[in-house]
Structures are given as structure tokens and as C-alpha cells.
There are 2 protein chains.
Amino acid sequence: MGTTQLETVPEPKYLHLKTVLSEALDSEFSVGEILPNERDLAARFGVARATLRQALEQLELEGRLQRRRGVGTTVAPPRVGVALGTGRQTWPGTGDDVWQPMDCERAVPPAPVAAALGTGTEEVHLVRRFRMSQGRRVATELLYVPAASVPDLSAIDAPSGPARARAVLRELQRLELDGQDRAVELGSAGAEDAKELDRLPGSPVLVVTTRFAAEGRTAALGVATYRADTCRLTFGDTPDVEIHHDPERRAS
Amino acid sequence: MGTTQLETVPEPKYLHLKTVLSEALDSEFSVGEILPNERDLAARFGVARATLRQALEQLELEGRLQRRRGVGTTVAPPRVGVALGTGRQTWPGTGDDVWQPMDCERAVPPAPVAAALGTGTEEVHLVRRFRMSQGRRVATELLYVPAASVPDLSAIDAPSGPARARAVLRELQRLELDGQDRAVELGSAGAEDAKELDRLPGSPVLVVTTRFAAEGRTAALGVATYRADTCRLTFGDTPDVEIHHDPERRAS
DNA sequence: GAGTGGTCTAGACCACCCA
DNA sequence: GGGTGGTCTAGACCACTCG
């Protein structure tokens, strides 16, 4: 038949759109620049706004775009590398830290945390911290510390607030650290985390769970929530790997 | 006024829906069970199908659900822990590995990879592997190996295929490994990766970039793509941390 | 062929930001 | 108040799986 070759597997519109936009971002836009609004863009590409949004969502997921209600869509800067492991293992709060303690309260941890700590329904110290990088808040963390891990903690001075949090971290550092485990997985920001990270609820986050082992048991457990759009978590000896994922990878 | 307390910040429907579904999953469903189809569920909750889908998408992102076209929506098993770092650093392919070599070709790496390897527009060996865990394919990897890192590689036997890939890995192991860096970030599966991982294009993935240092330079660079829905990447001494992220965390 | 999830449309209204 | 992105609707058709 005289027809031209049909696409055997027609690509969804939003994927094609994503590719087109991605190339335009590389060649015609610079970091921080504002894109046309969604209605205009949709009209320009001849698609419904919902379809355009599907493409924008993925580009935002990949850290290429940043969208803010009432403001617009801007070209995102490259992700910031955030060092998680520097080879040696240390207690939280050691040295001149990038973490800022916020406050500390007593709380019964959720079941899976309680199971790891072996505390049952007992109350533990719950330290809340956040992590800054390049002037932006990139992560929040909840650190669960059983009372048994900080036996000499004075209950009197600094009953709450940042000072209390620092006191708990200081006491924790008196234990000898046997080792630490980490796990990274994808999650979505809950309402609280979203507010603290200046994102909407449901935004993708990287959840880093750290278990601190001392004296043959789990002495503390941290659950840190990193903004997945802006962060690249780095592990290892040298902190500056500058490779980014490139969806169209092979050049050959 | 005699009205009951209004919600000060009315929660979006899809978020409320997500919470309701999440609780139902915990209490009324078991792993592998099939949920009612989307049209029925939407009708049951009195929302449009698109709104329901927004809730399902997030639950799938969090690894709670698994959806397959033509089949249905099922309750997902807990994420599998996938060990990335065991403390000691090793070349890829060392020991009885969970990685299966697929093939090996020669290709010019994409610009950022070439920059890290310092190879310019020179062709390198490109080894493709995939990783199995519990009978499922959980990751694919592209490993870029400059010719200079495997000088004694015979070009004659096993010119391609899995045997060739194994030969490259074997030669690589003759170098002394100085160190290795890793980075983890969120990405979305390209068309190729999606097919190999049995997911749709655009599915969220965890991209792990590994840089192998030897003889004062980058001797190889791996870009691994893990299914974000089913994997929890673990690092550290003991491989079995069984803590999962819990969106409603504090029980206080 | 029947049923599933995936894509797409053309609208509407809302929450938020800023001038 | 005007413009932005975020939510929501009620449809339609398509690609896929399976009996």
C-alpha cells in the first residue's frame, strides 16, 4: 500500500511532549527561567491541559522543572549532591553538622520503629531536625532515641526545644557506636513533611532510614525525608560525583 | 452560628481517599488480593475515576499497590531489601553475584559519563547487566568501561553476548580498586529500561550511579536503574533492617 | 469478546501569589 | 484582581490480558 510507515507502537502524546520539552529546556532555556503558563503551552502543542501536565509532572519528578502555585513553572537548577556516608560512621550531631535540631518531645514510636528499637509501647525521645543545603531546607528527620540509650540525660534543664534536642544528641554520643545501617526508598511526603520542605503533600521524597547500633542493640533510629526533586544522595569516599541520569543515554 | 466546625484547610479529595484506602489495605486486604476495578471503586467513593486514580497512583508510588493493564490492581508485597553496600568495596561481578551479565558492545558514552571517565568521544565497553531478587528483575545497569581499564582484553574470543560481558568484568577485577562512590537519585524509566523492568515508561526508578576509582582515575562507571516501587536499597553492615516508612508516623 | 488499567479531552472551580 | 498551578468532573477511546 502507498501509505507511509505507521508507527508500530504509537508513543503516548505526553511522552513525546516530554521529549520535546526536555530538548527545549536544554537548548532554549536557562536555569531559573519561567516557562509559559500551562494553558498557553497546552494550546501551543495542541493538547489538553491535563496531557501537558502529565509531561510536566515527569519533568518535575526528574528534577528538571520546578512548579509553584501562583507563581509559575521554572527551569530547575541541577540537583544538589547531599552526602550521606563519608566512609566513617558517626553518631548524629557529631562535628559541625549540616543538621539543625528543632525540638524534642517524648512519644510512643509507630509499631515498626518500636519493633526495631525493642521498646514496645514505651515512650522514647523524639528529636526533630532538618537539614540545610545551599540555603534551602532539603530534608527533615525524626530520630527515635530510647531512654535507655541516654541514661544520664538530665530531665530538668532544657525540657524541650532545640536545646533539649542538642542535649539528647550529646548524650547519645557518649555511647560507643558499633555500626550503622541505612536504607533508601521512595515515598511521598505526608502533610507535615510537605509543609516543612515547602512542597505539596504527596510530593516524591527519598526516605532514608538509619539504624545506629551500640552495645549489641539498636541504640537509635532515624527516619529522614529528603526532597526527591532537588536532592541526589551521595555515598562513599569522594563527595563529588557529578554524573546525572540521562534518559537518552546511549549516543552510539 | 450554629454550624459545625468547618475544616479550615479542606483536604483534597484524593488525599482523603488515599488515607481511607490505605487503612482498608491494612485491615481488609491481604498481599496479592485483587481490588475492585477503578470504575467500581470510583463509584463507591462517589468521585470521578481520575480522582480515584490520583490516590491509587500515590499508593503505587509508595509500594502499597501494583497495577497492571488488562489484569487489575493488587495489593503489593512489602518492598524487597536490595543490598548495595556491604561495607567492603568490590568490583562489579565479584563473587557469586546477583547480577546477570547480558551483553557487551562498544559505544560512545553520553557526555556526562564521558566527562567522568575522561574519554572524550572515544568508544568504551558498554556492559549491560540486570539484577534479580526473589525471582524478579529489580534493576538494570549500564557499566561503562574505558578500553584503558581492560588493556589485556582479547578482542577475539567472545566478541559479544554474555560471555563477552563476563570477560570484561573479569579483566576489570585485575585492577586494584582504590575506592568507589555512589549516588542515588529519583528518575523515571525510559522506554528501554521500562521494558526490561516490566514497567511502563515513566515509572519512578531509583538511579544509582557508581564510580569505580583505580590508578588515580575513574576506571569504570555504572548507572543502575532500580524499580522504585518494589525496591528498598540498603547500605551498611547488617543487611536486614526491616523498617518501612509510615506516613502517619507519630503515635504519641 | 469482555474486562482491565492507560491515555486524552474540554471544560470548571479553587488556593495561592503578587502587584 | 488577575494570573498561576492544583483539583475535579464526566465522559471517550485505546492497549492489553485472559478465558
Side-chain angles (χ1 to χ4, degrees), chain A residues 6-19 21 33-61 64-76 188-189 191 194-195 198-204 229, chain B residues 6-19 21 33-61 64-76 188-189 191 194-195 198-204 229:
Chain A
L6 289 175
E7 295 184 70
T8 54
V9 179
E11 195 182 33
K13 279 191 187 179
Y14 78 94
L15 273 185
H16 182 243
L17 206 48
K18 182 186 153 192
T19 307
L21 286 169
E33 205 171 338
I34 304 180
L35 268 64
N37 71 52
E38 296 184 351
R39 291 163 181 84
D40 286 353
L41 276 179
R44 182 175 312 185
F45 288 105
V47 299
R49 192 178 155 218
T51 304
L52 174 81
R53 280 179 60 81
Q54 226 176 326
L56 294 183
E57 262 152 36
Q58 287 206 7
L59 289 170
E60 191 177 27
L61 189 87
R64 308 280 317 266
L65 293 178
Q66 193 159 349
R67 297 190 288 172
R68 276 188 303 170
R69 171 155 51 182
V71 179
T73 301
T74 57
V75 181
S188 54
K195 195 183 301 178
D198 190 28
R199 298 257 62 201
L200 290 176
S203 303
D229 57 341
Chain B
L6 288 176
E7 296 184 70
T8 54
V9 180
E11 194 182 32
K13 279 190 186 179
Y14 78 94
L15 273 185
H16 182 244
L17 205 47
K18 182 186 152 193
T19 307
L21 286 170
E33 205 171 339
I34 303 180
L35 269 63
N37 71 53
E38 297 184 349
R39 290 162 180 86
D40 286 353
L41 276 179
R44 182 176 311 185
F45 288 107
V47 298
R49 192 178 154 218
T51 304
L52 173 81
R53 280 179 60 82
Q54 223 175 327
L56 294 184
E57 262 152 36
Q58 287 206 8
L59 289 170
E60 191 178 28
L61 189 87
R64 309 281 316 268
L65 292 178
Q66 193 161 347
R67 297 190 288 173
R68 276 189 303 170
R69 170 155 50 180
V71 179
T73 302
T74 56
V75 180
S188 54
K195 196 184 301 177
D198 189 28
R199 299 258 61 202
L200 289 176
S203 304
D229 57 341

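So you know, we letter chains A, B, ... as the sequences are listed, proteins then strands, and number each from 1.
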*In whole angstrom, give the distance that lies between atom CD1 of A/Ile34 and atom P of D/dG5.*
9 Å
*Note, B/Gln58 side chain near B/Leu15 side chain (heavy atom, < 4.5 Å)*: yes
*Could you tell me the separation between the CZ atom of B/Phe45 and the P atom of D/dT7, rounded to a whole number of Å?*
19 Å
*Sugar-phosphate only, base, or nothing, as touched by B/Leu56 at under 4.0 Å among non-hydrogen atoms*: nothing
_Closest-nucleotide 5' rank along DNA chain C - winner of A/Ala50 and B/Arg53_ = B/Arg53
*Among the candidates D/dT4, D/dT9, C/dG6, find the nucleotide nearest to the side-chain atoms of B/Arg49.*
C/dG6
*Take the protein atom CG of B/Leu52 and the nucleotide atom C1' of D/dA10, then report the distance between them rounded to whole Å.*
14 Å
_Whole-Å distance separating the NZ atom of B/Lys13 from the P atom of C/dC13_ = 14 Å
*If you look at every strand shown and take non-hydrogen atoms under 4.0 Å, does B/Arg68 touch a base, only sugar-phosphate, or nothing?*
sugar-phosphate
_Rounded at 0.5 Å granularity, tell me how far OG1 in B/Thr19 sits from CD in B/Glu11._
5.0 Å
*Side chain of A/Arg39 only, please: which of D/dG5, D/dT7, C/dC8 is the nearest?*
D/dG5
*For B/Arg69 and C/dG3, what is the distance between atoms CZ and P respectively, to the nearest whole Å?*
18 Å
*Check the distance between D/dC16's P and B/Asp198's CG and give it to me in whole angstrom.*
13 Å
_Spacing of A/Gln54 atom CD relative to C/dG6 atom C1', expressed in whole Å_ = 8 Å
_Can you measure A/Leu35 atom CG to D/dG5 atom P for me and round it to whole angstrom units?_
9 Å
*Answer yes or no: does a side-chain N or O of B/Asn37 lie under 4.0 Å from OP1 or OP2 of C/dG3?*
no
